[in-house]
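Below is one structure, written out as structure tokens; the observations come after it.
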Amino acid sequence: AASVKVVVPRIDWSAPAPVADALRGLAVGGSVALTGVIFLETTPAAKTRNPLGDYLAGIACLQAVVESGLPGVRVWFVTVGQVHTERGSELAEIPYAAGLWGIGRVAALEVPGQWGGLLDLPLDFAESGAAGQAMRDLVSADGENQLAYRGGRRLSARLRAARTARNEDARRSGAVLITGGTGGIGPEIADWYSRAGAEAVYLVSRSGPVAALRERFEKSGAPVQFAQ
């Protein structure tokens with residue numbers, strides 16, 4: 001069984017530089033190797049709750065670990081009630097905390113060496129024992145990095161193909177706005193919506209071959225307009 005020493009220092013998360021210094025101090029002065037930082041979202045029921053503060057502090061925590069330069073130290077974000085696991089599942093409905101999952105998914109791509117993963121606990125985590133289960137899974141490090149705990153179960157994130165019926169429900173009437181629409185796949189999406197019956201398609205972009213695309217859509221009769 002793995003042996004873990006938990007250290008809970010008092011740290012001001014408002015800026016990453018002092019936090020990076022504090023982490024280096026823990027790594028140098030501690031009796032055991034520093035291997036990870038767990039960022040805990042304030043629980044939804046807390047009277048001192050500041051959702052935006054959680055979001056900004058999570059970013060500062062991640063930046064601090066990256067700036068510390070400590071090898072092998074990874075960041076884990078732990079949230080409460082931020083992941084849909086099935087239809088009708090109860091969520092905390094706090095948008096800034098859900099944003100931690102967005103930041104985490106970006107971090108997995110941009111700083112994989114410092115990223116650990118995302119854990120989401122149920123709203124009844126104190127009574128259900130989910131927090132203890134999550135910490136045991138974190139120590140075991142079996143390669144899963146997006147997990148949710150519900151009803152005594154550990155659920156892992158997986159991609160699966162959407163059913164065709166849901167694809168056919170895409171809205172095809174009215175106006176469609178496509179950002180970044182003049183590059184890459186944007187014109188093809190505009191083409192698809194035009195053929196599917198959209199009354200107007202707006203392509204918004206900072207740059208791109210607008211003149212050539214305008215000529216293309218005018219020839220096809222597609223109701224496409226451009227904005228830069």
Which heavy-atom pair separates Thr182 from Ser205 by the least distance, and what is that distance? OG1-OG, 2.9 Å
Inter-residue atom distance Leu119.CG - Phe39.CZ, 0.5 Å rounding: 13.5 Å
Atom CD1 of Ile185 with >12 non-hydrogen neighbours under 6.0 angstrom: no
Would you say that Ser194 contacts Ser220 through its side chain, given a criterion of any heavy-atom pair below 4.5 Å between the two side chains? no
Salt-bridge present (Lys219, Glu215; N to O < 4.0 Å): yes
Rounded distance [0.5 Å steps], CG in Leu213 versus CG in Leu203: 7.0 Å
What about Val37 and Ile59, same hydrophobic cluster or not, with Ile/Leu/Val/Met/Phe/Trp/Tyr joined at side-chain heavy-atom distances under 4.5 Å? yes
Is Val201 reachable from Trp192 through a run of I, L, V, M, F, W or Y residues, each pair having side-chain heavy atoms under 4.5 Å apart? yes
For residues Val65 and Leu70, determine if any side-chain heavy atom of one lies less than 4.5 Å from a side-chain heavy atom of the other. no
Would you mind checking if Arg158 and Glu144 are paired as a salt bridge, meaning a charged N to carboxylate O distance below 4.0 Å? yes
When rounded to the nearest 0.5 angstrom, what is the spacing between CD1 in Ile178 and CD1 in Ile189? 5.5 Å
Between the side chains of Gln146 and Arg105, is a donor N or O closer than 3.5 angstrom to an acceptor N or O? yes
Decide yes or no for Leu62 and Ile103: does some side-chain heavy atom of the first lie under 4.5 Å from some side-chain heavy atom of the second? yes
Closest non-hydrogen atom pair, Gly116 against Asn145: O-CB, 3.4 Å
What I'd like to find out is whether the side chain of Tyr149 reaches to under 4.5 Å of the side chain of Asp137, using heavy atoms alone. yes
In terms of ring plane angle, is the pair Phe226 and Phe217 parallel, tilted or perpendicular, where the classes change at 30° and 60°? tilted
Backbone N/O of Pro209 and side chain of Arg214: donor-acceptor pair under 3.5 Å: no
Cys61 and Val75 have their tightest heavy-atom pair at SG-CG1, 4.1 Å
Between Trp101 and Thr79, is there a side-chain heavy-atom distance shorter than 4.5 Å? yes
salt_bridge(Arg216, Glu188) N-O dist < 4.0 Å: yes
Kindly work out whether a path of hydrophobic side-chain contacts (I/L/V/M/F/W/Y, heavy atoms less than 4.5 Å apart) joins Leu56 to Val66. yes
Would you say that Leu147 contacts Leu155 through its side chain, given a criterion of any heavy-atom pair below 4.5 Å between the two side chains? no
